Amino acid sequence: MDDKYFAKKIEQKWQKIWAETGAFHAEVDDEKPKFYALEMLPYPSGNLHMGHVRNYSAGDALAWYKRLRGFNVLHPIGWDSFGQPAEDAAVKRGVNPREWTEANIVSMRGQLQRLGLSYDWRRQMYAHRPEYYKFDQWFFLKMYEMGLAYKKQTQVNWCSHDQATLSNEQASGGLCWRCGNPVTKKDLEQWFLKTTAYTDELLDDMTEIESGWPASVIKRQQDWMGRSYGAYVDFEISASGESLFACPIVDGITSTTDLGKKRVRVFTTRIDTIFGANAIVLAAEHPVIQANMDNFAEDVAAKIAYIRTENAKPADHEVEIEKDGIDTGLKALNPFSNEEIPVWVGNYVMMGYGTGAVMSVPAHDERDFEFARKFGLPVKTVIVSEPPASAGGNQEACSLTSDTADKVELGSTLTPPAYAGGSDGVLINSGVWSGMTSEEAKASMTEYAVKYFFGEAATTYRLRDWGISRQRFWGSPIPIVYCDDCGTVPEKFENLPVELPETAPFTGTGESPLAKVPEFYETTCPKCDGPARRETDTMDTFVDSSWYFFRYSDATNEILPFDPAIAAYWMPVDQYIGGDDHAVMHLIYARFWTKVMRDLELIPFGEPFKRLLTQGMVVGETFFDDSSGKRIYFPPDKVEVERDSKGKITSATAVGLGGGTADADRSVRTPLKYAIERMSKSKGNGVDPDEMVEAYGADAARLFVMFAAPIDNELVWNEAGIEGAVRFIQRVWRLVHRWNELLRTTYEGAPPAETAASRKLRQKTHQTIERVTDSLESLQFNTPVAALMELSNAISDFPVEPQHAAAEEIFAVREALTALTLMLTPFAPHVAEEFYSILVGNEDGLIANNARFPEFDPELAKADEIEFPIQVNGKLRSRITASPEISNEDLERLTFADAKVKEITDGKEIVKVIIVPKRLVNIVVR
RNA sequence: GCCGAGGUGGCGAAAUGGUAUACGCACUAGUCUUAGGAACUAGCGUCGAAAGACAUGCGAGUUCGAGUCUCGCCCUCGGCACCA
């Protein structure tokens, strides 16, 4: 053993041994319990960043911990290697996306290997290789057979910056998830996967996983899928005056009655408020509105057109959009009250949700209220919080106090109008339903609507089907062929994979590059063998990440995505770790895909991830100039920063970025904005993990990242602390070195009698084992490191020199150092291996030696003396040292014998004495 | 606006309702060194000479006892954004 700790030497040594012995190769073993530890796979950008290091360090710590607990651990890694950056590089720099991607993987794999992560590298999957995407296509065809994949013309989310189609999830908030630019709408033919077929299951099955998932992720998925229970109600529509009107029949939105009356369907969750409806409000994109643009009065048509263009504009979320709309002149008949009410177009009604038509009930819906107030529409209260005083009978005539405490003259229009609140209550002014509770009325009125054929109970969802078509080259081709004779024909399974050509003309214009490659799209029809054309769109890359974790279980299967028998052993994933930015995209798609696989009978379960841990972002300071409308980032070394006494930035100025001479440069000063943002190379606030490993070693870097903050906290990067991690490892190194010669001594049978020093150390050792075990079981990674530091300090403080140590003392130190080594393994595996090799006298490694995590002995962990704080009226006044087993009587006697206690309680009445066993004494005096 | 998480030393952070600030960073003094940005020792919430008092965003409450539980505010961060 070297006198000093040389990180690089130790790390290279053990990485070599691990690779040569296949230490982390996992195989099915029915004798052992399995554990599948998984971290979200990286996109191979070419550079690892600290966020990756945090994610993978946590996953690796868990994998090591479970191995040492005797589990058969599957811990794989792979590459999310399809996607836009490769294509961007092709457009901008003319490189081949495949070569670019492969080169990036090589360099990133090197970075991961230098971190010493314990992966079974044999199981790598590469999304961009035909061996993998063949099965994206395989699944697509299966879904096509199941009716889960379909094509339709639709308005898609379009990012003009990236020139890309986005799914709803990717366009969340009206901004592109990748570049943050506003999203617009564009008409395109798109392939969809029917995620909506599983919405109820995706929601209801959350009960299976909610104990293992962060509540926030569960909540966000629920909100995203947005299930609401309500009813559809059909309103007859008619034109007033001379104007004709058109009513195209759109399934689920419009219809005609047997008598040929035209009807528009609205969705409401509050059918009980229908007697308060003052209008029907349609989206500007509603088919009935679209079809009648020529029939409307000029000003009406102009207004509608205006609203429609406004709607197509990217939304600015900082500004609340003012309610706008116009009365179309059409009339609707309230099927409950037979009241004729106007049909409006409103900018607050979205075509994409429900039926694109709502009934406006201003008294009980804030948006409708705002709308009614703006346009002077009547507001009629139909729900009150308490039943009317004269219970029973018809209460139309009595006066009531509404929710807002305004005096309400029933049945009349209010001036000024008052908002009565959106909560459930008791119905008034609602015909035969008056007097019912909202709950009763909802059921009864829905039943009534069904009976008379103008409505039904309905559940709507916010979640839409998943649009997977991308006009991109660097993705999995959609295995569909278009034949003039046979129409849309799925490719045959035996013809998979539909391989990407070597290259294509990359223009970045948003058209599919594959459409310009005849060798690719010219094909024969799988059905009639006639000439046909391939689909030239490729799949969204979230397809790849929806099932990759199944592929790891059987990574080289050429027939199937994976062998169901092998997956049955490894799956589901026991612990998944990744960023919570994937809460609604990846994690919904992966859950959806799993349910599809279950229905394909590949697997017998429907939830892929038993437990999920979302680690916080690693962030750093950024400096940028956004005066041009786009953020231009400046590297920190080009920025002068002023800070307040707390280290917070107060101003930042860019220097030396002018075009001229050095002196001229210095005079060019641009004031910058600053922020704390997720680390990335493009923002100039990234720390290169390779540099960290080079300077401090992988073990120290990993240990520090785990120690610095709780895993789910945001971590503001501060390099200063990492030296503490190096010092800690060096301290342990010196300890092992100091006791080295004596550690070989082993004892058969029971440990020898104990001295005070050895007993105290053993106590600390076992207390630490308990703490570290509990922490790791609950996925805390910062506190166990602190506990290990304490143990190492305790060994350092051991009051006996090695050369004077008695056998029992050597035993205690050996036990402590062995436990420390094993518990250090999850955080700093290389140096732990080195210590372990000294303890066992061979270099076969922890796994070959079948090393086990230390077990704690409660007897040894128990302290023989503890300090009891003595409080008087809850204030700490003194301390007494006694056995934790001391009787309450003895403890009370000792307490009152204490000089300090005597002084304070002297002359006061003792009201009571509270003794919490093994904790404290509190004397209450008056 | 709605939902969620959180506010503890100079900083990252610990604390089953029971000694607040463990562990680490930074800092201060010292020891050893030709030297130290190494190692070791000691100190380190605020006020105070001390005794002690006051300290977990602010204000109430429950309790023998509250960082922790309840209620009301304030602030920060994240998510959602007219979802009928």
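Values below: all heavy atoms of this structure, side chains included; hydrogens, waters and symmetry mates excluded. Since the structure is predicted, the reported quantities are computational estimates derived from the model, not experimental observations.
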Which residues satisfy the ring pair (Phe, Tyr, Trp, His ring centres under 6.0 Å) test with Trp733(A), sequence neighbours excluded? Tyr5(A), Phe835(A)
With salt bridge (Lys or Arg N to Asp or Glu O under 4.0 Å) as the rule and sequence neighbours excluded, what pairs involving residues 216-235 of chain A come up? Asp200(A)-Arg227(A), Asp204(A)-Arg227(A), Lys219(A)-Asp223(A), Asp234(A)-Arg263(A), Asp234(A)-Arg265(A)
Provide the distance between the two P atoms, one in C69(B) and one in A5(B), to the nearest whole Å. 12 Å
Are Asn782(A) and A14(B) close enough that a side-chain N or O sits under 4.0 Å from OP1 or OP2? yes
Separation between the P atoms of C44(B) and A22(B), rounded to whole Å: 10 Å
If only side-chain N and O atoms of Thr783(A) are considered, is one of them under 4.0 Å from the OP1 or OP2 phosphate oxygen of C23(B)? no
Could you give the OH-to-P distance, from Tyr461(A) to C83(B), as a whole number of Å? 19 Å
In whole angstroms, the gap separating P of A26(B) from CD of Glu723(A) amounts to 7 Å
Taking only the C1' atom of each, what is the distance from A13(B) to A26(B) in whole angstrom? 14 Å
Going by number, which of residues 349-364 of chain A have a non-hydrogen atom under 4.0 Å from RNA chain B? Val349(A), Met350(A), Tyr353(A), Val358(A)
Would you kindly give the CE-to-P distance between Met617(A) and G78(B), to the nearest whole Å? 7 Å
What's the closest nucleotide to the side chain of Trp224(A) if the choices are C23(B), A81(B), C82(B)? A81(B)
Using both pair distances under 3.5 Å as the test, note the stems of at least 3 consecutive Watson-Crick or G-U pairs that include RNA chain B. B:1-7 with B:74-80, B:10-12 with B:23-25, B:27-31 with B:39-43, B:45-47 with B:52-54, B:57-61 with B:69-73
Going by atom types only, do Asp712(A) and Gln615(A) share a side-chain donor-acceptor pair under 3.5 Å? no
Could you give the CG-to-C1' distance, from Asn793(A) to C25(B), as a whole number of Å? 14 Å
Non-neighbouring partners of Trp344(A) that pass ring pair (Phe, Tyr, Trp, His ring centres under 6.0 Å), sequence neighbours left out: Phe371(A), Phe375(A)
Apply ring pair (Phe, Tyr, Trp, His ring centres under 6.0 Å) to Tyr232(A) and list each qualifying residue two or more places apart in sequence or on a separate chain. Phe267(A)
Would you measure the distance from the P atom in A20(B) across to the matching atom in U31(B) and give it in whole Å? 36 Å
Which letter, B, S or -, goes with each nucleotide of nucleotides 39-53 of chain B from 5' to 3', with contact meaning a protein heavy atom under 4.0 Å? SS-----------SS
Taking A55(B) as the reference, what is the distance to U46(B) when you measure between their C1' atoms (whole Å, please)? 7 Å
Residues 781-793 of chain A vs salt bridge (Lys or Arg N to Asp or Glu O under 4.0 Å), sequence neighbours excluded, gives Lys764(A)-Glu790(A), Arg771(A)-Glu790(A)
Judged by each residue's nearest nucleotide on RNA chain B, which is more toward the 5′ side, Gly724(A) or Leu715(A)? Leu715(A)
Just call it for Val916(A): base, sugar-phosphate, or nothing, with non-hydrogen atoms closer than 4.0 Å on any strand. base
Check: Lys323(A) main-chain N/O paired with Lys374(A) side-chain donor or acceptor under 3.5 Å: yes
When the P atoms of C25(B) and G78(B) are compared, how many Å lie between them, rounded to an integer? 30 Å
Closest listed nucleotide, where the reference is the side chain of Ala720(A) and the choices are A84(B), G4(B), C25(B): C25(B)
Is there a donor-acceptor contact under 3.5 Å linking the side chains of Tyr353(A) and Thr460(A)? yes
Does any donor atom in the side chain of Glu885(A) or Ser883(A) lie under 3.5 Å from an acceptor atom in the other side chain? no
N-O pairing of Glu801(A) and Arg738(A) below 4.0 Å: yes
Any base atoms under 4.0 Å from Arg919(A), or only sugar-phosphate, or nothing? Heavy atoms, all strands. base
RNA chain B: Gln871(A) or Ala709(A), which has the more 5' nearest nucleotide? Ala709(A)
Testing C82(B), G12(B), C64(B) for proximity to the side chain of Val924(A), the answer is C64(B)
Syn/anti state for G78(B) [syn: chi within 90° of 0]: anti
Could you tabulate the donor-acceptor pairs under 3.5 Å formed by side-chain atoms of residues 359-366 of chain A, not counting sequence neighbours?
{"unit_1": "Ser360(A)", "atom_1": "OG", "unit_2": "Asn278(A)", "atom_2": "OD1", "d": "3.0"}
{"unit_1": "His364(A)", "atom_1": "ND1", "unit_2": "Gly421(A)", "atom_2": "O", "d": "3.0"}
{"unit_1": "His364(A)", "atom_1": "NE2", "unit_2": "Val382(A)", "atom_2": "N", "d": "3.0"}
{"unit_1": "His364(A)", "atom_1": "NE2", "unit_2": "Ile383(A)", "atom_2": "N", "d": "3.1"}
{"unit_1": "Asp365(A)", "atom_1": "OD1", "unit_2": "Arg367(A)", "atom_2": "N", "d": "2.9"}
{"unit_1": "Asp365(A)", "atom_1": "OD1", "unit_2": "Arg367(A)", "atom_2": "NE", "d": "3.1"}
{"unit_1": "Asp365(A)", "atom_1": "OD1", "unit_2": "Asp368(A)", "atom_2": "N", "d": "3.0"}
{"unit_1": "Asp365(A)", "atom_1": "OD2", "unit_2": "Arg367(A)", "atom_2": "NH2", "d": "2.5"}

Check whether any side-chain nitrogen or oxygen of Asn713(A) sits under 4.0 Å from OP1 or OP2 of A13(B), and answer yes or no. yes
Give Asp580(A) one of three labels, base, sugar-phosphate or nothing, depending on what nucleic acid heavy atoms sit under 4.0 Å from its own. nothing
Please give the distance between the P atoms of A49(B) and C58(B) as a whole number of Å. 26 Å
Nearest-Å distance for atom pair CZ/P, residues Phe235(A) and A84(B): 17 Å
Counting only side-chain N and O atoms of Arg462(A), is one of them less than 4.0 Å from OP1 or OP2 of A81(B)? yes
Once salt bridge (charged side-chain N to carboxylate O under 4.0 Å, His left out) is applied, do any residues pair with Glu714(A), and if so which ones, sequence neighbours excluded? none
Between the protein and nucleotides 29-32 of chain B, which nitrogen or oxygen pairs are less than 3.5 angstrom apart?
none

To the nearest angstrom, the CG-C1' distance between Asp712(A) and G6(B) comes to 11 Å
Can you sort out which residues in residues 263-275 of chain A have a heavy atom within less than 4.0 Å of RNA chain B? Ascending by number, please. Phe267(A), Thr268(A), Thr269(A)
Assess whether side-chain hydrogen bond (donor to acceptor under 3.5 Å, both in side chains) is satisfied between Asn311(A) and Glu285(A), documenting all intermediate values. CA-CA 9 Å; Asn311(A) 286 353; Glu285(A) 299 81 9; 3.0 Å; yes
Which part of the nucleic acid, if any, lies within contact of Asn922(A), taking any heavy atom under 4.0 Å across all strands shown: a base, the sugar-phosphate backbone alone, or nothing? base
Near-ring test Phe704(A)/Phe827(A), centroid separation under 6.0 angstrom: no
Using a 4.0 Å heavy-atom cut-off, does Glu867(A) contact any base of the nucleic acid, only the sugar-phosphate backbone, or nothing at all? base
Measure the distance from CZ on Arg220(A) to C1' on A5(B) and round it to the nearest whole Å. 12 Å
C1' spacing across the pair U70(B) / U63(B), given as an integer number of angstrom: 12 Å
Of G18(B), C82(B), A13(B), the nucleotide closest to the side chain of Ile914(A) is G18(B)
In whole angstroms, the gap separating C1' of A14(B) from CZ of Arg771(A) amounts to 9 Å
